[in-house]
**Student:** 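The structure under discussion is supplied below as C-alpha cells; questions concerning it will follow.
Just the heavy atoms: all of them, side chains too, but no hydrogens, waters or symmetry mates, feed the values below. When a residue number appears, it is its place in the shown sequence, counting from 1. In each ligand, atom 1 is the first atom listed, and ligand 1 is the first ligand listed.
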Amino acid sequence: MNVEGVLVRIGVKPNTDFLKGKVPLDNRGYILVDEKLATKAPGVFAAGDVRAGSAMQITTAVGDGTVAALSVEKYLLK
Ligand SMILES: Cc1cc2nc3c(=O)[nH]c(=O)nc-3n(C[C@H](O)[C@H](O)[C@H](O)COP(=O)(O)OP(=O)(O)OC[C@H]3O[C@@H](n4cnc5c(N)ncnc54)[C@H](O)[C@@H]3O)c2cc1C
C-alpha cells in the first residue's frame, strides 16, 4: 500500500501486576471497583483507564478522579 504514514495499534495492558493477590482484578488485569471506585481492599481506590469498566476517555478519567477523591475523603473521615 502506498501511504504517507502508519499508526500501529498494538493494544493496551494495564500495569497492575504488582496488585495481583492484593486487590481483585478482572481477567484482563483491570481493577475491580464499586460505584464509589472503592476496591475490596479497605482504603484502596482506583480511577481512570486502569479500573474495570472505564470508557477509557480523558473526560471519564477526570470524572473518576473527582469521584475517587470524594470517596477517599469520606473513608478518611470515618
Ligand atoms: C493513542 C491514544 C489516543 C487517545 N485519544 C484520546 C482522545 O482523543 N480523547 C480521549 O478522551 N481520550 C483519548 N485517549 C485515552 C486517554 O489518553 C486516556 O483515557 C487517559 O489518558 C486516561 O487517563 P488516566 O490518568 O486514567 O491514565 P494515564 O493517562 O495512562 O496515566 C497513568 C499514569 O500512571 C503512570 N503509572 C503507571 N504505572 C505506574 C506505577 N506503577 N507507579 C506510578 N505511576 C505509574 C503512567 O506512567 C501514567 O503517567 C487516547 C489514548 C491513546 C493511547
**Student:** Looking at atom 14 (N) of ligand 1, what's its closest protein heavy atom, distance included?
**Tutor:** M56 O, 4.4 Å
**Student:** So which atom in G65 and which in A47 form the shortest heavy-atom distance, rounded to 0.1 Å?
**Tutor:** N-CB, 4.1 Å
**Student:** When you measure from atom 10 (C) of ligand 1 to every protein heavy atom, which one gives the shortest distance, and what is it?
**Tutor:** Q57 OE1, 3.2 Å
**Student:** Going by a strict under-4.0 Å cutoff (protein heavy atoms only), does atom 47 (O) of ligand 1 have a neighbour on the protein?
**Tutor:** no
**Student:** Do any non-hydrogen protein atoms sit less than 4.0 Å from atom 23 (O) of ligand 1?
**Tutor:** yes
**Student:** Which option, L7, L19, D49, N15, owns the non-hydrogen atom nearest atom 19 (O) of ligand 1?
**Tutor:** D49
**Student:** Could you tell me whether the side chain of T60 and the main chain of S54 form a donor-acceptor pair under 3.5 Å?
**Tutor:** no
**Student:** Are V44 and F18 connected into the same hydrophobic cluster when the rule is that any two of I, L, V, M, F, W, Y join if their side-chain heavy atoms are below 4.5 Å apart?
**Tutor:** yes
**Student:** For atom 38 (N) of ligand 1, decide whether some protein heavy-atom distance is shorter than 4.0 Å.
**Tutor:** yes
**Student:** Take atom 30 (O) of ligand 1 and look for protein heavy atoms under 4.0 Å from it; say yes if you find one, no if not.
**Tutor:** no
**Student:** Counting neighbours of CG on L7 that are heavy atoms of other residues, nucleotides or ligands and sit closer than 6.0 Å, is the number greater than 12?
**Tutor:** no
**Student:** Could you list all the salt bridge (Lys or Arg N to Asp or Glu O under 4.0 Å) pairs where at least one residue sits in residues 42-69, not counting sequence neighbours?
**Tutor:** R51-D64
**Student:** What residue and heavy atom of the protein are closest to atom 25 (O) of ligand 1, and at what distance?
**Tutor:** A61 CB, 4.6 Å
**Student:** Right, does atom 34 (O) of ligand 1 have protein non-hydrogen atoms nearer than 4.0 Å?
**Tutor:** no
**Student:** Same cluster for V72 and V67 if Ile/Leu/Val/Met/Phe/Trp/Tyr side chains link at under 4.5 Å?
**Tutor:** no
**Student:** Is there a path of hydrophobic side-chain contacts, each under 4.5 Å between heavy atoms of I/L/V/M/F/W/Y residues, joining L76 to L70?
**Tutor:** no
**Student:** Are L37 and I31 linked, directly or through intermediate hydrophobic residues, by side-chain heavy-atom contacts shorter than 4.5 Å (ILVMFWY only)?
**Tutor:** yes
**Student:** Between I58 and ligand 1, is there a nitrogen or oxygen pair with a distance under 3.5 Å?
**Tutor:** yes
**Student:** With a cut-off of 4.0 Å, which atoms of ligand 1 are near a heavy atom of G48?
**Tutor:** 26 (O)
**Student:** Does the protein place a non-hydrogen atom closer than 4.0 angstrom to atom 50 (C) of ligand 1?
**Tutor:** no
**Student:** Is there a protein heavy atom at a distance of less than 4.0 Å from atom 53 (C) of ligand 1?
**Tutor:** no
**Student:** Assigning hydrophobic clusters by single linkage (Ile, Leu, Val, Met, Phe, Trp, Tyr; side-chain heavy-atom cutoff under 4.5 Å), is F45 placed with V23?
**Tutor:** no
**Student:** I'd like to check atom 43 (C) of ligand 1 in this structure: does the protein have a heavy atom lying under 4.0 Å from it?
**Tutor:** no
